[in-house]
Amino acid sequence: MTTEELKRLVDVIVSELAAPARHGAVRCGCHGVLDDCCPDRLRPVIDAGATRVGVHALGGAPSGVAAMIDHTLLKPDATRQQIEELCREAAQFRFATVCVNPTWVGLCGRLLSGSGVGVCSVVGFPLGATTADVKRYETQRAIFDGAREIDMVINVGALKSGDLRIVERDIEAVVSACRDCDVLSKVIIEAALLTDEEKVTACTLAKAAGADYVKTSTGFGPGGATAADVALMRRVVGAEMGVKAAGGVRDLESVNAMIAAGATRVGASAGVKIVQQARDASAPELR
């Protein structure tokens, strides 16, 4: 796909999202798109989202919500002891993965072997400003060390400059390396730095590259996940791709809002707190 074709595709999507209200649909104030953008107008879906979270305890932990969480520790000063504790918590609560910097992938793989918890690592993190060939090597090395999921940061500067071919190659370099090894790829768009049109463009490029997920944020930018951004991303990528909400998701209420907006995975450093809140919420029903 040429740059001009990509731009035309983005223009069509933006036009569709911003089209005048049809069939009596109400538009939200956050993006000006149809009513399914704004979670405040999705009360029935939010209620359904709480069911989807699955707050019924199983084996001492609400496995439904835990299985959607990447238990995350990406601080630059994280110690080996903290990483080991992260893995113990992940195995106890049965989180989807631990999400760690590349230097800890091998250790996490050994500690979590046989637990059913995967290891997710980050590439081009947190700025996304390394070149595509470096991101590809970083991906291959993380996979070699035991990562089964890769969260890569796009070249934000290239996107904002309109250099869509650079961004496309950037994403493809990581996605193709993941595909070769049957590893999940997630594309972090750092939504807080983008206009709505740029968010649409980033998601369109990620989908065209065959990525498995788009992800809102690194958690190191000027803002984290919002339900409005998750809803917009879901509208662009459709039902076939995953959407990961990350950055500032610190409690069960936030998780429920993200799921209601369309998230299928959540990145959180407060995973233990979240599953404990889910267990407490389900306790009256279990009596």
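- With Val65 as reference, Val275 is the one residue of Asn256, Val275, Val266 to meet the side-chain contact (heavy atoms from CB on, under 4.5 Å) rule.
- Grouping the Ile, Leu, Val, Met, Phe, Trp and Tyr side chains by contacts below 4.5 angstrom, directly or via other members, places Val153 apart from Trp104.
- Remark: Arg179 CZ is packed, more than 12 non-hydrogen atoms of other residues, nucleotides or ligands lying under 6.0 Å away.
- Using a 4.5 Å heavy-atom threshold, the side chains of Thr97 and Arg148 count as separate.
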Test side chain to side chain contact (heavy atoms under 4.5 Å, CB included) applied to Thr264 and Arg234, step by step: CA-CA 10 Å; Thr264 50; Arg234 171 56 67 200; 3.6 Å; yes
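- The number of heavy-atom neighbours closer than 6.0 Å to NZ of Lys75, taken from other residues, nucleotides and ligands shown, is 12 or below.
- Dense packing is recorded around CZ of Phe220, with more than 12 heavy atoms of other residues, nucleotides or ligands lying under 6.0 Å away.
- A 4.5 Å side-chain heavy-atom check between Glu190 and Ile154 finds every atom pair outside the cut-off.
- Expressed to the nearest 0.5 Å, how far CD1 of Ile69 lies from SG of Cys99 amounts to 13.0 Å.
- A 6.0 Å sphere centred on CD of Glu240 holds more than 12 heavy atoms belonging to other residues, nucleotides or ligands.
- A 4.5 Å side-chain heavy-atom check between Val122 and Pro102 finds at least one atom pair inside the cut-off.
- Residues Val98 and Thr72 are not in side-chain contact: their nearest non-hydrogen atoms beyond the backbone lie 4.5 Å or more apart.
- One finds a salt bridge joining Arg165 and Glu168 here, because a Lys/Arg side-chain nitrogen approaches an Asp/Glu carboxylate oxygen to under 4.0 Å.
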Side chain to side chain contact (heavy atoms under 4.5 Å, CB included) evaluation trace for Met258 with Val255: CA-CA 5 Å; Met258 298 303 166; Val255 171; 5.8 Å; no
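- Cluster membership check: Val156 shares its hydrophobic cluster with Leu164, using side-chain heavy-atom separations under 4.5 Å among Ile, Leu, Val, Met, Phe, Trp and Tyr.
- Atom CG in Asn101 sits 8.0 Å away from atom CG in Leu73 (nearest 0.5 Å).
- Grouping the Ile, Leu, Val, Met, Phe, Trp and Tyr side chains by contacts below 4.5 angstrom, directly or via other members, places Met241 with Ile150.
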Salt bridge (charged side-chain N to carboxylate O under 4.0 Å, His left out) between Glu149 and Lys244, intermediate numbers included: CA-CA 12 Å; Glu149 300 188 9; Lys244 178 176 174 179; over 6 Å; no
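- In this structure a side-chain-to-backbone donor-acceptor pair under 3.5 Å is missing from Gln140 to Ala177.
- No path of Ile, Leu, Val, Met, Phe, Trp and Tyr side chains, each step under 4.5 Å between heavy atoms, connects Val174 with Tyr213, placing them in separate hydrophobic clusters.
- The structure places CG of Asp151 at 9.5 Å from CG of Leu184, a figure rounded to the nearest 0.5 Å.
- Side chains of Lys160 and Leu194 form a contact here, defined as non-hydrogen atoms less than 4.5 Å apart.
- No side-chain heavy atom of Met152 sits under 4.5 Å from any side-chain heavy atom of Thr139.
- Considering only heavy atoms from C-beta on, Val236 comes within 4.5 Å of Thr204 through its side chain.
- A distance of 11.5 Å separates CD in Glu85 from CG in Leu111, rounded to the nearest 0.5 Å.
- For the side chain to side chain donor-acceptor pair (under 3.5 Å) with Lys135, the lone residue among Asn155, Asp170, Thr130 that qualifies is Asp170.
- Expressed to the nearest 0.5 Å, how far CG of Asp229 lies from CD1 of Ile189 amounts to 6.5 Å.
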Stepwise side chain to side chain contact (heavy atoms under 4.5 Å, CB included) test for Lys186 and Asp70: CA-CA 12 Å; Lys186 309 193 198 88; Asp70 291 338; 3.4 Å; yes
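- Heavy atoms from other residues, nucleotides or ligands lying under 6.0 Å from CD of Glu84 number more than 12.
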Residues Thr131, Asp133; criterion side chain to side chain donor-acceptor pair (under 3.5 Å); working and verdict: CA-CA 6 Å; Thr131 57; Asp133 58 329; 2.5 Å; yes
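- Using a 4.5 Å heavy-atom threshold, the side chains of Arg136 and Ser176 count as touching.
- Rounded to the nearest 0.5 angstrom, Ile166 CD1 and Ser161 OG are separated by 8.0 Å.
- In the hydrophobic clustering of this structure, Phe125 does not group with Val249; members are Ile, Leu, Val, Met, Phe, Trp, Tyr whose side-chain heavy atoms approach within less than 4.5 Å, directly or through other members.
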